[in-house]
Every structure is written in structure tokens, then in C-alpha cells.
There are 2 protein chains.
Amino acid sequence: MVARSHSSISSSIPSAFCDECTLSNICITHGVDSITKARLKTIILHPTPFQAGDYLYRIGNRLKALYIVKSGFIKVYVSTTYGEEQILGFHLPGELVGLDALGTNAHRCDAVALDTSRVCELPATKLSEICRLSPKIRRQLNRLMGRQLSHVQEMLLLLGKKSAEGRVAAFLLNMSARFKERGFPEYEFHLNMSRHDIANYLGLAVETVSRVFSRFQEEGLLKVRARNVQICDDVRLRQLVSGTSTKD
Amino acid sequence: MVARSHSSISSSIPSAFCDECTLSNICITHGVDSITKARLKTIILHPTPFQAGDYLYRIGNRLKALYIVKSGFIKVYVSTTYGEEQILGFHLPGELVGLDALGTNAHRCDAVALDTSRVCELPATKLSEICRLSPKIRRQLNRLMGRQLSHVQEMLLLLGKKSAEGRVAAFLLNMSARFKERGFPEYEFHLNMSRHDIANYLGLAVETVSRVFSRFQEEGLLKVRARNVQICDDVRLRQLVSGTSTKD
DNA sequence: CGCTTCCTTGAGTGCTTTCAACGAGCGTGG
DNA sequence: CCACGCTCGTTGAAAGCACTCAAGGAAGCG
């Protein structure tokens with residue numbers, strides 16, 4: 001049976017200042033010297049938490065700030081004029097949100113909280129100052145953009161080459177790894193997003209996701225109860241991801 | 001009939017120095033003051049041209065340099081251990097290649113020339129110096145990363161939500177726009193890549209791409225002769241791109 | 001308790017893939 | 001010069017995977 005005390009990732013509340021923050025090891029400020037940290041402290045804001053459904057920013061908004069997720073869960077997506085949406089990612093605590101606007105100074109995505117979410121805010125007006133502060137920070141920003149690029153590229157591989165089963169398996173393993181990084185159970189977690197969101201993210205129909213979940217459960221790879229997932233056979237899941245599927 | 005003098009984009013040869021380079025208006029150095037440009041001149045290298053099939057870098061290589069394409073055509077792709085490949089993009093003159101390594105200092109893609117290609121080389125060791133040179137350059141680098149991110153995100157939408165026809169139409173219009181930016185005919189151009197590459201890039205089977213090309217031609221949207229393409233009805237192509245297709 | 005949203009499951013359709021064959025273009029070598 | 005083999009691109013026929021449509025169950029909320 002799947003435990004039910006899981007929304008835990010939403011209730012982890014790092015303290016307000018970097019040097020005491022429980023996320024510091026995966027945060028942008030990781031490895032920065034204490035002087036710089038002190039100056040960061042004067043720059044970084046801590047706005048009131050976003051509630052589920054609140055937008056951090058919308059498409060077209062001028063870049064106001066970059067956000068580091070402290071707790072909660074952020075969904076980022078693009079939508080076309082015609083109303084189609086494509087979810088680009090789900091952001092967990094420790095991750096930086098808003099980089100999409102660095103190029104044009106205007107956001108090209110929507111970012112919405114799926115859960116009560118606390119964030120640290122790096123005001124855009126202070127960004128160049130932050131970058132001047134230390135080469136370390138510059139490198140960190142580059143690293144984070146690089147990581148984001150890398151993630152999106154993985155997604156391209158997923159959407160371009162993998163079957164429905166491969167995509168869902170990859171998604172679950174990815175979530176698992178990220179929960180683990182954050183000190184949460186690796187093989188038993190709560191998905192904050194709806195099946196609809198998962199389907200959209202993976203380029204599938206809702207029904208297909210549902211069916212794959214069911215099939216995985218039948219085959220003993222998972223135990224699924226609503227949004228609670230327990231991974232029972234990560235080895236086979238990994239095989240499904242790498243397993244060549246369709247085309248090419 | 002499609003003209004045949006097209007590989008022209010490979011034979012445009014900007015002069016070696018930025019201030020005389022015919023690409024300067026779309027290059028990373030655009031808008032930089034002359035002092036900085038002079039210093040860039042001392043940093044930027046001009047290696048001997050890459051031949052078709054030559055690799056600029058391979059997955060895992062340490063970041064040696066960023067490359068600005070001066071002429072030719074670069075294909076960038078990831079490949080999994082199992083041998084699957086996913087093409088991430090095709091780079092035309094004026095575009096920056098190698099950003100994927102900024103995060104980890106190691107490349108996560110392969111980059112190969114599809115044609116004889118000249119490049120400018122920004123040595124990685126000089127990168128931080130370049131960044132220190134001017135905030136303008138920093139911003140340009142950010143802009144370029146942002147643009148890349150933005151492009152990959154568009155691709156996600158394409159692969160996640162569009163039908164085969166929509167994908168091919170979007171691909172053709174994208175190429176068209178980029179040729180136009182570079183002063184080449186907008187509605188008549190040569191595709192340097194194979195159908196196989198196009199298919200891979202768009203997450204389709206080769207045969208599907210071929211069929212869509214044929215269908216488009218039958219319907220008077222295109223004229224296709226081998227790799228030469230003439231766009232006859234860009235309006236309907238645009239409709240095909242935005243036209244909602246499958247799922248969601 | 002009824003409403004709504006979310007999720008699941010079934011049946012049928014269809015788009016894309018797969019398998020297969022063929023023509024064209026091209027470089028090689030007899 | 002032409003045959004040969006190769007890659008590339010096209011086309012046809014058939015199969016399959018994922019989608020659409022439809023219905024019903026479960027859970028949350030006023």
C-alpha cells in the first residue's frame with residue numbers, strides 16, 4: 001500500500017536565509033563565498049507564498065525577477081494563440097524558474113503554482129549586479145541555463161523517439177531521481193500534477209497515460225493509487241526507457 | 001521549376017574580421033563597441049574550414065570553444081548509448097554552436113558539418129575574459145542562450161502536439177524565415193540535409209516525410225525537386241502549422 | 001446530496017509506422 | 001563506356017499504436 005503522508009515536498013520549509021537554507025546544496029548560491037552570500041541576502045526577496053493556481057508570470061510579461069523554488073511545485077508551459085498548450089516542465093524546490101526571459105527580457109512561458117509555493121526572488125534589476133558580484137555566480141547561472149537546455153533536449157529525444165510506455169517510464173524515473181536528490185523517498189512519492197498535465201507534458205492523450213499506468217501496475221512495475229506512486233521495479237522501467245520503440 | 005544555383009548559403013564567405021563580416025548584423029558581436037571588437041579580434045580564432053562529415057565536437061568532449069558559423073551548415077544531435085539519435089537543430093551562418101556545454105564544461109551533443117563550413121572560434125579559456133569585456137557581450141550570450149532555449153521549446157510544442165503535416169510545414173517555414181534573414185530567397189531554397197535527417201529532427205519516419213512532401217506538392221503548396229524546395233502557398237502552410245491536429 | 005472534476009476503461013477509428021519494392025543519382029572499377 | 005553497388009528518395013500495402021468518442025466510477029466541495 002502506498003503511504004499517504006506524501007505532499008511532504010510541499011511542506012519542507014527552508015529558512016529564509018541562504019546560509020541556513022536546507023536547500024543550499026542544490027541552490028544557485030551553492031559554493032558561493034560568504035561575503036557574496038551576505039550581499040545576496042540584501043538583494044534576494046522573499047515574497048508571500050504563491051497559492052495553487054497563482055501565476056509567477058505570464059507569457060509576454062516583462063522579466064521582473066528570477067525565482068528559486070523553496071517549497072511547492074511550479075508548472076511551466078507555453079501556449080499558442082490558438083489555445084494549444086505544451087507543458088515544458090515541473091519545477092521542484094531548489095530549481096530556478098524564469099530563465100526563459102533572459103534572452104528577450106520578456107517571458108515566453110506561463111509559470112503557475114500547482115501547490116502552495118514559497119520562492120526566493122532575484123529582482124531582474126539587480127541581476128547584472130548579481131553577475132558582477134562574482135564569477136562564481138555567473139558560472140552558476142550559466143550552469144543552470146545549461147542544465148535547463150539539457151533537460152529540454154532530453155525531452156526532445158523523448159517526444160521524438162519514444163513510445164508511450166517509454167515516456168511514462170522516463171517521467172516516473174525522472175521524478176524519482178529528483179525526489180531522491182531532495183532527500184525524499186526515491187520509490188514512493190506523490191505526483192502533484194493531474195493526469196492531464198502528465199499527458200500534456202509527455203505529448204500523449206490522458207487516456208493513454210491512464211492506460212499505461214494501469215498496465216504498469218498489472219505487470220508489477222508500479223503501485224498506483226490516485227496520485228501516489230510506488231515504483232516496484234525500476235530496472236524494468238529503465239529498460240522500457242532505453243528500449244528502442246518506434247521509428248528510426 | 002526550381003532553380004539550381006542554391007547551395008549559395010555555403011559559398012557566402014564573410015571576411016575574417018568582425019568589422020567587415022557580412023554576418024555582423026546577426027552575429028553575437030552585433031552592437032558591440034569598437035574597442036571591444038578590437039579585443040575580440042585578438043581572441044577569436046579562424047580555424048581551417050570543416051569539411052562535410054567533420055565533427056566540431058563529440059558528446060563528452062571538454063568544452064574547447066564556442067563556434068560561430070560563418071558559412072556552411074552544422075547539424076547538432078544527441079545520441080543515446082543504445083544508438084538512437086535525435087537531431088536537435090541545424091545551424092546556419094551567424095548562429096552560435098556549442099552552448100550545450102556551458103553548464104558542465106562538457107558537450108552533451110555531437111556537432112557535425114553537413115557541408116564545408118567556416119567558423120569563428122571563441123576559445124573556452126577566453127570566455128570569462130570575453131564576458132568581462134563588456135556587459136553587452138554578456139547580454140548577447142544570454143540572449144543567444146535564451147533564443148536557443150526558446151527554439152527548443154518550440155520544438156517541444158511541435159513534437160508534442162502537431163501532426164506530420166504540421167511539423168513539416170513548420171520546418172519549411174522556419175527554414176524559409178532563416179534563409180530570408182540571411183538575404184537568401186525566401187521561397188526557394190536548397191535543403192542541405194537528407195530526408196532522413198529531416199524525419200529524425202521532426203520525430204517522424206522517413207517515408208512519412210516523403211509522403212507529406214508529395215502531398216504538399218500535389219496540393220500546390222510546394223514544388224519539390226530532390227532537395228530543392230519552392231514554397232508556393234505559405235499562407236496555407238501557416239494554417240497547417242497552427243491548425244490543431246491530434247490530441248489535447 | 002448533487003455537482004463538478006478527475007481518472008479509468010472499453011470500443012472503434014485513423015494516422016503514422018513498418019515492411020517491401022523500385023527508380024534515380026553517383027562514384028567505382030572492370 | 002557501361003555495369004555494379006550503394007545511398008537516397010518515393011510509393012504501395014498492411015499492421016499497430018495511440019487517439020477519439022463515450023460511459024461510468026471515484027473523489028472533492030459547496
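Proteins get letters first, then strands, A, B, ... in listed order; numbering begins at 1 in each.
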Could you tell me the separation between the CG atom of B:Leu191 and the P atom of D:dG9, rounded to a whole number of Å?
10 Å

Regarding B:Arg227, tell me which of base, sugar-phosphate or nothing describes its non-hydrogen contacts under 4.0 Å with the strands shown.
sugar-phosphate

Taking the side chain of B:Arg211 as its heavy atoms from C-beta onward, which of D:dT20, C:dT8, D:dG12 lies nearest to it?
D:dG12

In this structure, how many angstroms lie between the C1' atom of D:dA18 and the CD atom of A:Glu165, rounded?
12 Å

Side-chain N,O (A:Ser214) to OP1/OP2 (C:dT9) below 4.0 Å:
yes

When the ring planes of A:Phe90 and A:Phe73 are compared, do they come out parallel, tilted or perpendicular, using 30° and 60° as the limits?
parallel

Separation of C:dC7 atom P from A:Met193 atom CE, nearest Å, is 11 Å

Determine: side-chain N/O of B:Ser210 to OP1/OP2 of D:dT10, distance under 4.0 Å, yes or no.
yes

Expressed as a whole number of angstroms, how long is the span from A:Gln217:CD to C:dC7:P?
15 Å

Between NZ of A:Lys161 and P of C:dT16 the distance, given in whole Å, is 15 Å

Is it the case that the side chain of B:Lys162 and the backbone of B:Val241 share a donor-acceptor pair, with hydrogens and angles ignored and the cut-off at 3.5 Å?
yes

Could you check whether B:Ser194 gets within reach of a base, just the sugar-phosphate, or nothing at all, counting any heavy atom under 4.0 Å?
sugar-phosphate

Under 3.5 Å, is there any donor-acceptor pair linking the side chain of A:Glu207 to the base of D:dC21?
yes

Could you walk me through whether A:Glu95 and A:Arg182 satisfy the salt bridge (Lys or Arg N to Asp or Glu O under 4.0 Å) test, starting with their C-alpha distance in whole Å, then the side-chain angles of each, then the deciding distance to 0.1 Å, before giving a yes or no?
CA-CA 11 Å; A:Glu95 295 177 346; A:Arg182 284 159 184 76; 3.2 Å; yes

Nearest-neighbour nucleotide for the B:Arg195 side chain, C:dT8, D:dC19, D:dG9 considered
D:dG9

In whole angstroms, the gap separating P of D:dC17 from CG of A:Leu202 amounts to 18 Å

Classify the angle between the aromatic ring planes of B:His151 and B:Tyr201 as parallel (below 30°), tilted (30 to 60°) or perpendicular (above 60°).
parallel

Between C1' of C:dC7 and CZ of A:Phe216, the distance in whole Å:
17 Å

Whole-Å distance separating the NE2 atom of B:His190 from the C1' atom of D:dC8
13 Å

Is the distance between the ring centroids of A:Phe189 and A:Phe184 under 6.0 Å?
no

